*Asks:* 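Questions regarding the structure given below will be posed in turn.
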Amino acid sequence: MALVGTGPASRRLRVIVTRPPEQAGPLGERLEALGYEVVLCPLIELEPAGPPELDVGGYDWVVVTSPRGARELARRRTGDLPQVAAIGPGTAAVLREHGIEPALVPRVSTQEGLVSELPQPPGRVLFAGAQDARPYLAQALRAETVVLYRTRELRPAEPPVGDLVVLASASAARAFALLEVDIPAVSIGPETTREARARGVEVIAEAASHDLDGLVAAVDRVRRL
């Protein structure tokens with residue numbers, strides 16, 4: 001895999017991967033195996049935040065909306081774990097890796113989709129996620145919120161050069177928009193697509209399943225257009 005701004009031009013489709021370094025490897029390897037030239041250009045960095053332990057006792061639901069949120073919940077939780085809702089299959093997969101079976105994964109992987117499928121009233125809800133998470137879910141559920149990580153935007157020394165960029169989070173979409181480069185995007189799901197388009201990024205494909213498999217399939221779909 002090439003680093004941004006390095007290597008000779010190639011006739012292969014050049015795909016920019018913007019995920020944090022610790023998450024970019026599996027996506028890059030899958031794309032390279034399909035014949036793409038992969039350029040690693042991390043645009044966000046995830047930093048732990050909040051309490052070292054998280055007491056989840058006394059809640060009816062705990063809601064997580066990202067793989068990192070799921071990982072931090074699994075690592076820090078104490079007390080009896082209530083039902084857990086995951087926003088999409090990627091987040092659910094991380095929960096399962098840590099022995100937690102989500103009680104709810106909505107059909108539409110958005111905050112609105114998750115809220116619509118929770119029982120009403122949902123009871124006492126804890127939202128565990130990012131410092132910059134959209135407030136809709138917490139407000140709609142009157143959830144208590146605990147910040148488990150924060151996102152820091154990164155800016156490369158040179159703008160990335162490629163045919164396509166993969167955006168796997170709304171934070172990455174915001175960071176990419178700041179670069180002001182005219183490269184079409186593949187998005188992991190509706191939340192990311194909405195953020196990208198709101199900031200002027202052209203999204204030409206969205207993953208049908210909002211996980212690694214879906215991202216790879218969406219990139220490959222673009223090649224066949």
Side-chain angles (χ1 to χ4, degrees), residues 20 44-95 100-153 167-178 187-201 203 206-207 209-211:
I44 58 171
E45 185 175 70
L46 305 180
E47 302 173 336
E53 293 187 345
L54 177 61
D55 185 359
V56 296
Y59 293 97
D60 297 290
W61 286 90
V62 175
V63 176
V64 286
T65 58
S66 69
R68 182 58 180 260
R71 192 170 294 112
E72 293 296 333
L73 170 67
R75 183 172 70 86
R76 302 190 212 183
R77 68 182 175 98
T78 63
D80 294 330
L81 187 67
Q83 297 184 100
V84 179
I87 198 168
T91 302
V94 172
L95 288 172
I100 301 171
E101 181 60 36
L104 173 64
V105 183
R107 287 166 298 215
V108 178
S109 298
T110 63
Q111 291 193 10
E112 290 82 358
L114 193 154
V115 169
S116 71
E117 292 192 35
L118 278 169
Q120 297 298 327
R124 190 178 178 212
V125 179
L126 176 66
F127 169 59
Q131 186 177 55
D132 61 349
R134 280 181 63 216
Y136 170 81
L137 185 147
Q139 292 172 356
L141 299 176
R142 297 183 178 178
E144 297 176 44
T145 298
V146 61
V147 172
L148 295 182
Y149 68 98
R150 66 176 63 90
T151 302
R152 187 168 68 88
E153 294 179 357
L167 301 175
S169 69
S171 299
R174 288 192 292 271
F176 181 71
L178 291 174
S187 157
I188 197 170
E191 297 274 5
T192 302
T193 297
R194 173 167 45 197
E195 189 69 28
R197 286 177 173 158
R199 293 174 182 271
V201 177
V203 178
E206 182 180 286
S209 63
H210 313 307
D211 53 14

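Computed from a predicted structure; not experimentally measured.
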*Asks:* Side chains of R77 and V62: closer than 4.5 Å at any heavy-atom pair?
*Replies:* no
*Asks:* In Å and rounded to the nearest 0.5 Å, what is the CZ to OG1 distance from R174 to T192?
*Replies:* 9.0 Å
*Asks:* Nearest heavy-atom pair of I44 and S169: which atoms, and what distance?
*Replies:* CD1-OG, 3.6 Å
*Asks:* Which heavy atom of G69 sits nearest to which heavy atom of Y149, and what is that distance?
*Replies:*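 Closest approach of G69 to Y149, heavy atoms only: N-CE2, 3.6 Å.
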*Asks:* With I87, which of T65, V105, L137 fulfils side chain to side chain contact (heavy atoms under 4.5 Å, CB included)?
*Replies:* T65
*Asks:* Look at R194 together with E112 and state whether they make a salt bridge at an N to O cut-off of under 4.0 Å.
*Replies:* yes
*Asks:* May I have the step-by-step check of side chain to side chain contact (heavy atoms under 4.5 Å, CB included) for W61 and L104, ending in yes or no?
*Replies:* CA-CA 10 Å; W61 286 90; L104 173 64; 4.0 Å; yes
*Asks:* For the OG atom of S171 and the CD atom of Q131, what is their distance to the nearest 0.5 Å?
*Replies:* 10.5 Å
*Asks:* What distance do D80 atom CG and Y59 atom OH have between them, rounded to the nearest 0.5 Å?
*Replies:* 13.5 Å
*Asks:* Run the side chain to side chain contact (heavy atoms under 4.5 Å, CB included) check on L126 and V63 step by step: do they pass?
*Replies:* CA-CA 6 Å; L126 176 66; V63 176; over 6 Å; no
*Asks:* How long is the span from the CD atom in E195 to the OG atom in S187, to the nearest 0.5 Å?
*Replies:* 10.5 Å
*Asks:* Does D60 use its side chain to pair, donor to acceptor, with the backbone of V125 at less than 3.5 Å?
*Replies:* no
*Asks:* Main chain of P48, side chain of E72: is a donor-acceptor contact present, judged purely on distance under 3.5 Å?
*Replies:*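 Side chain of E72 to backbone of P48: no pair is present.
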*Asks:* Report the C-alpha separation of V201 and F176 in whole Å, then their side-chain angles, then the decisive distance to 0.1 Å, and conclude whether the side chain to side chain contact (heavy atoms under 4.5 Å, CB included) test is met.
*Replies:* CA-CA 8 Å; V201 177; F176 181 71; 4.0 Å; yes
*Asks:* Heavy-atom distance under 4.5 Å between the side chains of V56 and P82, does that happen here?
*Replies:* yes
*Asks:* Check whether R152 reaches the backbone of E47 with its side chain - one donor and one acceptor, N or O, closer than 3.5 Å.
*Replies:* no
*Asks:* Picking from Q111, R134, H210, what satisfies side-chain hydrogen bond (donor to acceptor under 3.5 Å, both in side chains) with E191?
*Replies:* R134
*Asks:* With distance as the sole criterion, is a donor-acceptor pair present between the side chains of T78 and E53 under 3.5 Å?
*Replies:*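 Short answer, no.
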*Asks:* So do T151 and L46 actually touch side chain to side chain, heavy atoms under 4.5 Å?
*Replies:* yes
*Asks:* Just by modelled atom types, is the P51 backbone N or O under 3.5 Å from a matching donor or acceptor in the R76 side chain?
*Replies:* yes
*Asks:* How close do A196 and V203 get, heavy atom to heavy atom, and via which atoms?
*Replies:* CB-CG2, 3.7 Å
*Asks:* Please name the pair of heavy atoms, one in A130 and one in V147, separated by the smallest distance, quoted to 0.1 Å.
*Replies:* C-CG1, 4.4 Å
*Asks:* For L73 versus L148, what's the shortest heavy-atom pair and its separation?
*Replies:*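 Where L73 meets L148 most closely, the heavy atoms are N-CD1, 3.8 Å.
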*Asks:* Looking only at heavy atoms, which two atoms of S109 and P190 are closest? And how far apart?
*Replies:* O-CD, 4.0 Å
